[in-house]
J.: 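Pasting a structure here, questions to come.
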Amino acid sequence: MTDNTLEIPLLLTKLEANLRQQIKQRKLINPIMIGVHSGGAWVAEHLHQQLAIEEPLGLMDISFYRDDFSQCGMNPQVKPCQLPAHMEGRDIILIDDVFYTGRTVRAGLNEIFDYGRPNQVVLGVLIERDGRQVPLQPDCSGCSITLPPGQRIKLTGPAPLGIHIQSFPTESDD
Amino acid sequence: MSKIHISNGHIIDPANNIDKTGSVYLADGKIVAVHTSETNGFDFTADKTIDASSQFVSPGFIDLSVRLRDPGQSYKGTLLSETSAAAAAGVTSLCLPPDTRPVIDTQAVVELIHDKAEKAHYNNVFPIAALTQGLAGSELSSMYALKEAGCIAVSNADVPFSSLLVLRRAMEYACSHDLLVIYHPDIPSLSNNGCANEGAFATRYGLPSIPEASESIAVAQCLELAELTGCRLHFSQISSKRSAIKIQQAKKYGLKVSADVAIHQLHLTENDIEPFNSAYHVLPPFRTDKDKLQLRESLANGTINAICSDHQPHDLDAKLGAFPETEPGVSSLETLLPLMLKLVKDNAITLSQGVAALTYKPARILNIQSGSLSSGLPADLCIFDTEQHWEISQDNWKSAGRNTPYWGETMKGRVTKTIQAGKIIHSL
Amino acid sequence: MTNIQLNQNGKLKHFLSIDGLNEPILTEILNTAESFTSMSKQQVKKVPLLRGKTIVNLFFENSTRTRTTFELAATRLSADVLSLNIATSATSKGESLLDTIHNLEAMHVDMFVVRHAISGAGHFIAQNTAPHISVINAGDGQHAHPTQAMLDMFTIRQYKQDFKPLKVAIIGDILHSRVARSQIQALNVLGVKEIRVIAPKTLLPSHVESLGVVVYNNLEEGLAGVDVVIMLRLQKERMTAALLPSEREYFKCFGLTEARLKLAKPDAIVMHPGPINRGVEMESSIADGPQSVILQQVSNGIAVRMAIMSLTMQHNGVAQ
């Protein structure tokens with residue numbers, strides 16, 4: 001996979017289309033969209049507008065739910081959470097920028113469930129890449145790629161949105 | 001008894017104004033003669049020759065305050081362990097303050113101490129009698145009997161009197177028996193269980209503090225009483241500028257007053273205290289730079305007559321706790337020489353003055369025939385190497401107490417041999 | 001001081017005193033606390049950050065208020081909390097401090113929050129406890145109460161944003177106050193313009209200027225133009241005799257009245273670590289008035305303590 005195929009507008013359009021399908025298929029009623037800081041939030045802002053979601057956009061920082069506190073310590077810049085007060089029984093669309101090991105989504109799900117038992121959660125990501133470490137996967141994505149070992153992909157933003165591929169000597173979590 | 005010739009050492013005997021290389025001759029436990037290049041040769045067949053080249057030879061040190069913790073507190077130290085430390089420190093005579101357990105206020109205790117000293121093969125443990133019975137500060141002790149039993153002076157250790165009237169009477173009574181009164185100056189209502197000098201350090205760390213005035217007021221009171229009663233007075237372990245100045249004025253005025261200072265007070269101030277490190281918890285507390293400067297000046301100009309170790313060994317538990325809750329005191333015998341030498345290096349005093357403050361001056365205060373290398377005096381000497389570096393660690397430390405702020409540090413200057421009554425009691 | 005509170009990487013390991021900590025560390029605490037306040041507005045007031053960790057509140061001095069905020073802070077971080085109230089008396093020694101600590105260590109705890117009547121107790125415990133354990137000082141003797149100082153700084157930042165131009169007045173029993181000492185240190189590190197201490201001479205420690213403050217013995221003069229007014233509790237239980245003639249006289253000279261408060265800036269905030277002695281330190285109307293941020297201090301206390309607990313524990317599992 002080369003960078004040329006990773007064009008943001010294309011990916012956003014594809015993800016939006018897939019999401020519409022999911023909303024129909026899964027019969028989501030008045031869903032709450034939640035974007036995971038920071039990349040997921042930027043993507044969600046765009047999608048929230050395009051899909052004309054009625055419920056205000058929710059934003060979530062999963063820093064306090066990460067599983068690597070003992071290894072990595074605190075995130076120095078935790079962003080404020082904006083989540084609706086009542087999530088019990090609601091349909092949730094969770095949006096993130098990159099799905100990699102799956103740990104971020106696990107943390108996000110833990111945080112959502114701490115707020116109340118949702119009816120269902122649909123996961124949409126802009127880029128799904130190889131390297132899964134827990135048995136989770138997105139319900140829809142903008143594209144699905146594989147990357148050479150030691151490479152990480154990240155969304156930059158908020159304006160303009162861009163894609164950044166970095167090389168890392170060792171494996172990092174996402 | 002053997003005849004010993006100590007050769008080639010640099011002899012420092014301030015009492016006799018000797019400060020040059022030469023020989024010292026000992027026989028039958030006494031000093032026979034001291035010969036330097038200025039004097040004629042001497043016919044002497046030694047049984048033993050000690051070569052003291054590159055080293056100094058001085059009278060053995062006389063320490064005005066050494067707590068052996070014996071009798072009564074053997075978990076902190078014993079007569080055996082602490083006299084062994086004394087010997088390693090070059091101390092050939094030491095004064096034992098009366099706050100042993102039981103207190104030195106009966107003949108029996110004095111005899112017990114003498115017995116123990118004999119068993120430890122250390123002569124010259126001079127018990128100081130309590131001024132009041134049980135050191136309770138209210139009733140006079142049997143000072144005459146205690147003097148007869150061998151006490152060299154009377155003191156309140158560091159325990160307060162119930163009133164100035166009792167202090168006055170005690171001083172008068174001591175005077176009538178020509179006993180030196182050794183007084184530790186402190187007003188408990190002012191020092192108020194403090195553990196640090198009242199100043200910037202105590203304020204910063206929220207430590208209960210002791211104002212200088214609690215010492216200087218006690219000094220002033222006692223000086224007045226000394227004039228009133230005519231007794232010979234010695235202040236133990238002065239720590240503050242104001243006290244030193246008052247003593248200086250009193251001496252000028254003509255009072256029979258002397259004073260000593262603990263060796264560590266001449267080096268450490270509140271600025272040196274590692275916060276909450278109980279090794280620095282001492283009473284009187286480490287004060288300020290201006291106090292330290294004054295103490296050094298007063299030592300140099302003779303206001304303060306003598307240096308002592310103020311040796312107070314402690315068990316581990318005594319120093320394990322939040323700073324104010326720990327017991328005060330430093331195990332200081334073995335740092336006596338290197339710290340005195342450091343004063344010389346700092347140009348606060350000359351080597352001669354330092355040795356004097358540890359030898360003939362304390363001897364004069366106590367009125368004993370010692371502290372110099374005059375012919376006929378007991379052969380109490382110490383030989384020391386001013387250049388030797390050594391680390392304060394368990395291999396090099398004889399005292400049972402390891403409570404010193406210098407633990408683990410490298411010191412410069414070490415006693416290599418100590419001779420008491422002609423016998424070698426310490427040798428490296 | 002720096003050595004013992006920070007680990008090899010210069011990160012907070014113990015929190016014993018503001019003394020020795022620099023501005024970046026204090027700001028990190030404030031920022032972390034910020035993220036916890038927005039969380040505590042949510043319905044679910046828990047995060048799993050310290051799940052599985054055991055925190056022991058060791059209170060040798062009674063304090064319901066501070067102890068409960070520490071308990072709440074620990075619980076909101078999902079930690080297990082153990083609260084021990086150990087009465088100390090000078091006469092009955094009982095178990096030594098060290099033995100108490102070692103016994104608790106044997107139960108595999110991760111943190112001690114200690115309040116003690118003797119200055120230096122926190123340091124002593126930190127120096128003698130197992131290497132993986134963090135110690136937080138909840139007040140030791142007259143030495144320090146750093147978590148209180150941090151929540152006070154947090155409150156000031158909430159209302160004033162920038163520390164640099166502020167004139168802060170601390171009024172009351174500075175001599176016995178560990179809170180005041182910690183506040184003064186924090187204000188200095190954060191670089192406020194001026195710190196004033198206002199008290200009768202008997203309630204000021206010796207050489208107090210060396211802490212970096214300007215001394216006023218007159219309340220009216222001291223209050224002129226200040227941005228923050230911090231009232232200290234008149235600590236009856238720690239006063240020995242002959243420090244003040246009476247509470248009444250104290251209020252006359254140093255009590256914060258409406259009239260006196262007007263001397264400060266019109267937008268000045270009034271703070272108090274609590275509990276308040278109404279009519280002694282300040283008029284009731286001020287305690288309940290618009291300039292008082294006292295209740296805000298209390299609610300900030302939990303977020304700030306959560307921040308301090310998380311920051312000191314964050315390298316708990318890492319081999320140093």
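FYI, side chains are in, hydrogens and waters are out, and symmetry mates aren't considered; it's all heavy atoms of this structure.
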J.: For His145(C), run the side chain to side chain contact (heavy atoms under 4.5 Å, CB included) check against Gln183(C), Arg115(C), Met150(C) and tell me which one passes.
T.: Arg115(C)
J.: Under a 4.5 Å cutoff for heavy-atom pairs, which residue among Pro208(B), Ala322(B), Pro211(B) has the most contacts with chain C?
T.: Ala322(B)
J.: Which atoms of Ser210(C) are under 4.5 Å from chain B, going by heavy atoms: the side chain, the backbone, both sets, or neither?
T.: side chain
J.: For Tyr183(B) and Phe161(B), take the angle between the two ring planes, folded into 0 to 90°, and tell me which bin it lands in: parallel under 30, tilted 30 to 60, perpendicular over 60.
T.: tilted
J.: What option among Ser209(B), Ala202(B), Cys195(B), Gly199(B) has the most heavy-atom pairs under 4.5 Å with chain C?
T.: Gly199(B)
J.: Check this for me, if you would: do Asp291(B) and Lys241(B) make a salt bridge, where the nitrogen-to-carboxylate-oxygen distance has to be below 4.0 angstrom?
T.: no
J.: Below 4.5 Å from any heavy atom of chain B, which atoms of Gln185(C) appear? Answer side chain, backbone, both or neither.
T.: side chain
J.: Is it true that the NZ or CZ of Arg305(C) lies under 6.0 Å from the centre of Phe70(C)'s six-membered ring and within 45 degrees of the ring axis?
T.: yes
